[in-house]
Every structure is written in C-alpha cells, then in structure tokens.
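Take a look at the structure set out below.
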There are 2 protein chains.
Amino acid sequence: MTKTLEIRDLAIGDLARRTDTKVQTIRYYEEIGLLPPPTRTEGNQRVYGESSLRRLAFIRHARDLGFSIDAIRELLKLSDHPDLPCDDADGIARRHLDEVEDRITRLRALRKELKRMLAEHRDHGGRIADCKVIEVLSDHGLCKHAH
Amino acid sequence: MTKTLEIRDLAIGDLARRTDTKVQTIRYYEEIGLLPPPTRTEGNQRVYGESSLRRLAFIRHARDLGFSIDAIRELLKLSDHPDLPCDDADGIARRHLDEVEDRITRLRALRKELKRMLAEHRDHGGRIADCKVIEVLSDHGLCKHAH
DNA sequence: CTTGAAGCTCCAGTGGCTTCAGGTTCCATG
DNA sequence: CATGGAACCTGAAGCCACTGGAGCTTCAAG
C-alpha cells in the first residue's frame, strides 16, 4: 500500500520529454481543448501535474494507434464523465471496442506475414522468395466496409 | 485448384468502391508514387486490374492502422523487390515487426479496459463506476521511447 | 443523338501538427 | 546582483495527407 509519490510542477518541456511530444503539440492540444489549460506561474508559464501527464500519454498512444482526435475526445469523455447517461457511454465504448478488435485482427495478420518473411529469409540464406505483405493486408475479408 | 478468375478493367470509381477510398485519394496516391500510373482508355480514363486493387487495399489497411506513407512505401518495397539485398529487407521487416508487436500490445490493453467497462456497466445497471481508459493507455511501460 | 453519371485536370481548403519570428522569463554562474 | 543562454510565451505561416469544388470531357443507356 505504498502511495506512489505524485509528480507535480512539470514545465511544458518536462512534460514534452516524458511523453515524447513536441512542446508546440502540447500547446496545440490545449488550444483545441484536448488538454485542459494548466495553471501558470507568475511569469505566465504553464505548470502541469500528474493528471496532465497521464492524459497526454494516453492521447499520444491513441494517436499513434491511428485514432482520430474526435475518437480520442470521445474516449476521454468516458473518463471525464463517469456518470454519463448509460446509453452514451455504452455506445461509445462498444463502438471503439469493435474498432480495436478489428485493428488487432489486421495487425496479427501483418505480424504473421512479417515473421514468415524473416523466417524464410534465414532459411534460404538471404533472399525473400515471395513477399506476401500485400496479400495479407489486402484481404477483403478484413475490410470494415466490404461485403 | 480452381484458378480464381482475375478482376480486370476496373474504372477508378469501381476501385474506389471496392476499397472504400475516395476517387481523389486514388489519384493522389498515383501522384505521390504509391500506386503506379495505370493504363488509360482512348478517352484518357484510368483502367485498373487486380494488382492495383490489392495494392490499394493494402495501403488503406496500413494507413488505417496508423502507418505513415513512408512506412508503407518501405513495406511495398519488400513486395516490389523480392530480390532486395538481404540486409535491407531484413531490417525493414524486423523494424516493422517490432512496431506491429508494440501496437498489438497497446491495443490489447485498451480492449481489455473497454471490455471491463462494458461488463461493469451491465452489472451495475447503467453506470460506469470508474473509467480507466486513460490509465490503461498512459502506462509508461508501453512507451516506445520511455525508460 | 441526347442526357446524366462518371471521368479528367487543376487548385483551394482542412486536420493535425510543425516551424518560424520576435519577444519574455528563468536560473546558474561570474 | 548582473547577465547570458536555455526554455518559455504568442501569433502566424507552412506541411502532409487527403478532400472538395470548378469547369470541362467521355461514356453508355435510352
């Protein structure tokens, strides 16, 4: 039950380093309302705490995984309003769960193919006989909007 | 051993529909060299075959999964040049495999959390008691560039 | 031979940053 | 306590990966 000591009073640059984000990107996220405006010092400089760090880390991971800003806004809404009317929250979570499942499936297929290529490569001493990356991710069965 | 009958002579609109892509996006991909310029009709209209269909479907899936155009260019290079010097191909494949593994890990974490939320939601009759989507994807251990 | 859908090129606009310019604040060192 | 360089500030322009619109041509069903 050791209470993790809180991280506080991070300058924008510290936050940037810890989340592998550009300083300007942080200011941009504030501008578009993804990050709440933090408190400022006397000299008007932004000061962040742990919650900003977590929130920003989440945003970066989600962006990196291909979620749009709007999708992220929705996911954050789940966090920000735990007492959201149930249908909304349920709908948002369910919709994103489907999308996540879908992405995992496609990434698995790509992973399998990349592994196969590396393995064959070793076996055949330096040549990729037949690369099927395209086949594997062009599979129509995996298309969201196909039928 | 039934030979799949080849799809040929698709107009740009057909290709767009089959890959859930905008017509303009297809032309844009041609412009930046992701798709080879197809043959044209007498009247100067683009005509595509099966390989374009596969290639474009691949590109779309990869973009959707958050790969950059440059990463996709590299993956396509594996397909386009099966006789690539081994170190190049191996490096490309290995690098992207690592990235793919990483993405799968993070998506799994997010999936787990979304599932948990939906389950608790059902149990508690309409309220999301504590939403941890942020915690789950802000985990520092999952950061590519953290240490 | 008409007519309307779909194609063509060129160019401007958008989302999500990124870079630049021209300043102000902070703080380690002399 | 003065100072100089790193880090901060705002505001605006630029860039990538599309997206949409204008104005025109081609195609194919009737």
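Proteins get letters first, then strands, A, B, ... in listed order; numbering begins at 1 in each. Computed from a prediction, not measured in an experiment: that's the story for all the values here.
With A:R111 as the fixed residue, the side-chain hydrogen bond (donor to acceptor under 3.5 Å, both in side chains) test singles out one of B:H96, B:E99, B:E101: B:E101. A side chain to side chain contact (heavy atoms under 4.5 Å, CB included) with A:E30 holds for exactly one of A:P36, A:S52, A:P37; it is A:P37.
The closest side-chain heavy-atom distance from B:R46 to B:R27 is below 4.5 Å. Counting heavy atoms from C-beta on, the side chains of B:I59 and B:T19 never come closer than 4.5 Å.
Rounded to an integer number of Å, the gap from B:R17 CZ to C:dA5 C1' is 11 Å. Distance, B:L10 CG to C:dA6 P: 15 Å, rounded to whole Å. Taking atom CG of residue B:L56 and atom P of nucleotide D:dC18, one finds them 11 Å apart after rounding to whole Å. Note: CD1 (A:I26) to C1' (D:dT10) measures 16 Å, nearest angstrom. Counting to the nearest Å, the P atom of C:dT25 and the CD1 atom of A:I12 are 16 Å from each other. Put simply, CD on A:E31 is 10 Å from P on D:dT10, counting in whole angstrom units.
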Inset, instruction - Report the C-alpha separation of A:R17 and A:D14 in whole Å, then their side-chain angles, then the decisive distance to 0.1 Å, and conclude whether the salt bridge (charged side-chain N to carboxylate O under 4.0 Å, His left out) test is met. - result: CA-CA 5 Å; A:R17 261 183 304 284; A:D14 301 331; 2.9 Å; yes

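No donor-acceptor distance shorter than 3.5 angstrom exists from the side chain of B:R108 to the backbone of A:I104, with no hydrogens or angles considered. A donor-acceptor pair is defined here as one N or O able to donate and one able to accept, closer than 3.5 Å; no such pair exists between the side chain of A:R18 and the backbone of A:A57.
A close approach under 4.0 Å does occur between a side-chain nitrogen or oxygen of A:R46 and OP1 or OP2 of D:dT10.
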What pairs of nitrogen or oxygen atoms, one from the protein and one from nucleotides 23-30 of chain D, lie under 3.5 Å apart?
from	atom 1	to	atom 2	distance (Å)
D:dC27	OP1	B:G43	N	3.3

Inset, instruction - If a protein heavy atom is under 4.0 Å from the base, mark B; if only from the sugar-phosphate, S; if neither, -; do that for nucleotides 16-22 of chain C going 5' to 3'. - result: BBSB---

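Among the heavy atoms of the strands lying under 4.0 Å from B:R40 are primed sugar atoms or P, OP1, OP2 only; no base atom is included.
For the pair B:D98 and B:R94, the salt-bridge criterion is not met [side-chain N within less than 4.0 Å of a carboxylate O].
Side-chain atoms of A:Y29 and A:R60 form a donor-acceptor pair, as typed in the model, at a separation below 3.5 Å.
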